[in-house]
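Computed from a predicted structure; not experimentally measured. One-based numbering, in listed order, for ligands and for the atoms of each.
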Amino acid sequence: MFRAAVMDGFGKPIRIMDFEKPILERGSVWLQTVFSEVCGTDVHLYHGRLAGVPYPIIPGHINVGRVAELNGEVKDVDGNLLVPGDMVTFMDVHETCHNCWYCLVAKASTRCPSRKVYGITYGVQDGILGGWSEYIYLKPGVKIVKLPQRISPKAFIGAGCGLPTAFHAIEQANIRLGDTVVIQGSGPVGLNAAILAQLVGALKVIVVGGPQHRLSIAEDFGVDTVINIETVNHEERIRIVRELTAGRGADVVIEATGVPGAVPEGMSLTRDAGTYVVVGQYTDNGDVSLNPHMDINKKHLTVKGTWGIDLSHFYRSVKVMEKYSERFAWEKLISKHYSLSDINQALADVENQTVMKAVIDPYSV
Ligand SMILES: [Zn+2]
Ligand SMILES: [Zn+2]
């Protein structure tokens with residue numbers, strides 16, 4: 001027997017339940033959870049804001065754990081044979097078909113209708129497929145990545161799902177060596193985007209966000225300028241960014257706020273013929289008005305959206321972390337550790353933004 005946290009949906013408190021260890025299919029792995037996280041998506045899940053969620057579910061989509069047991073030969077993405085005791089992570093998205101129109105013609109597997117996500121679109125009835133649990137069942141074919149020695153489990157979960165999400169946005173942004181990049185938002189996605197923007201060659205990175213403690217982390221991560229939205233108003237924010245870019249605006253702006261009103265402002269922060277990437281509007285937070293002539297057409301603006309990740313973003317994120325683990329202290333993104341029985345508090349703290357990253361340690365009491 002072991003314990004897992006179950007979410008019934010639509011604002012019902014999370015329950016801790018006892019489960020029995022399942023029978024391991026050939027090619028599956030029984031993972032002992034080391035850390036999971038609470039991210040903004042889990043808050044959306046709690047409020048029933050995501051479509052196609054088969055409640056009750058065991059949340060927790062980005063996880064790190066130790067191989068407890070496996071059935072047969074199981075290899076990680078690099079072809080390493082896994083053995084009990086290995087510290088690993090795994091790609092939360094599973095069952096992408098690589099056989100449908102979106103996968104093969106559009107080459108946009110994040111829009112594959114078959115894809116399932118651990119902790120989100122797998123329900124309790126499908127198995128122990130979420131990380132708010134003492135153990136996680138890795139189905140045959142789940143993409144596992146052995147955690148490199150240089151990455152501590154704590155740093156890995158500090159980066160959390162914000163890193164691969166930001167990776168996808170940065171890939172879409174096509175930042176060029178010497179560009180000025182504005183990141184709107186200083187949550188986990190925004191701060192990871194600020195790290196990656198530097199790594200792909202941005203000369204100047206400006207983070208527009210808040211509160212101050214998040215902006216201080218941005219500065220620790222090497223961001224050149226931070227603008228606190230709590231003390232600097234809309235007009236001032238535009239004026240400051242223009243001043244830092246010879247009056248033009250930034251070459252690339254990445255939205256990572258979740259606030260619809262940030263979008264027209266982000267377009268204003270982008271230079272003519274620049275690129276604007278929207279990654280923060282993960283759920284439907286409402287409409288916003290913009291002027292298509294001024295904001296897009298005449299401005300010659302490229303606008304891109306990214307939603308979700310594929311294996312390339314996840315895998316490369318791990319490799320980037322391995323290389324830059326000393327330069328960027330990802331564990332700084334962690335505000336607090338919670339036990340399974342504190343999960344309702346963890347969700348509330350993430351929702352109220354009293355913490356940046358809430359880490360779940362299922363074995364702490
Ligand atoms: Zn497909
Ligand atoms: Zn997440």
**Shortest-distance N/O/S atom, His61 versus the Zn ion (ligand 2)** =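 Checking each N, O and S atom of His61, the shortest distance to the Zn ion (ligand 2) belongs to NE2.
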**Item:** Salt-bridge present (Asp272, Arg248; N to O < 4.0 Å)
**Value:**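 Answer for the salt bridge query: no.
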**Asked** Less than 4.0 Å between a side-chain N and a carboxylate O, is that true for Glu322 and Arg150?
**Response**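 Glu322 and Arg150: not salt-bridged.
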**Reported NE2-to-SG distance for the pair His61 and Cys161, which is rounded to 0.5 angstrom** =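 Answer for the NE2-SG pair, His61 versus Cys161, is 3.5 Å.
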**Request:** Take the Zn ion (ligand 1) as the vertex and measure to SG of Cys100 and SG of Cys112; round to 10°.
**Result:**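 Rounded to 10°, it measures 120°.
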**Asked** Taking the side chain from Asn291 and the backbone from Asp295, do they hold a donor-acceptor pair closer than 3.5 Å?
**Response**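 Here the side-chain-to-backbone pair does not exist.
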**Request:** Look at the N, O or S atoms of Cys97, main chain and side chain alike, and state whether any lies under 2.8 Å from the Zn ion (ligand 1).
**Result:**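 For Cys97, the answer is yes, given that an N, O or S atom comes within less than 2.8 Å of the Zn ion (ligand 1).
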**Prompt:** With the Zn ion (ligand 2) at the apex, how many degrees lie between SG of Cys161 and SG of Cys39, rounded to 10 degrees?
**Reply:**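 SG of Cys161 and SG of Cys39 make an angle of 110° at the Zn ion (ligand 2), to the nearest 10°.
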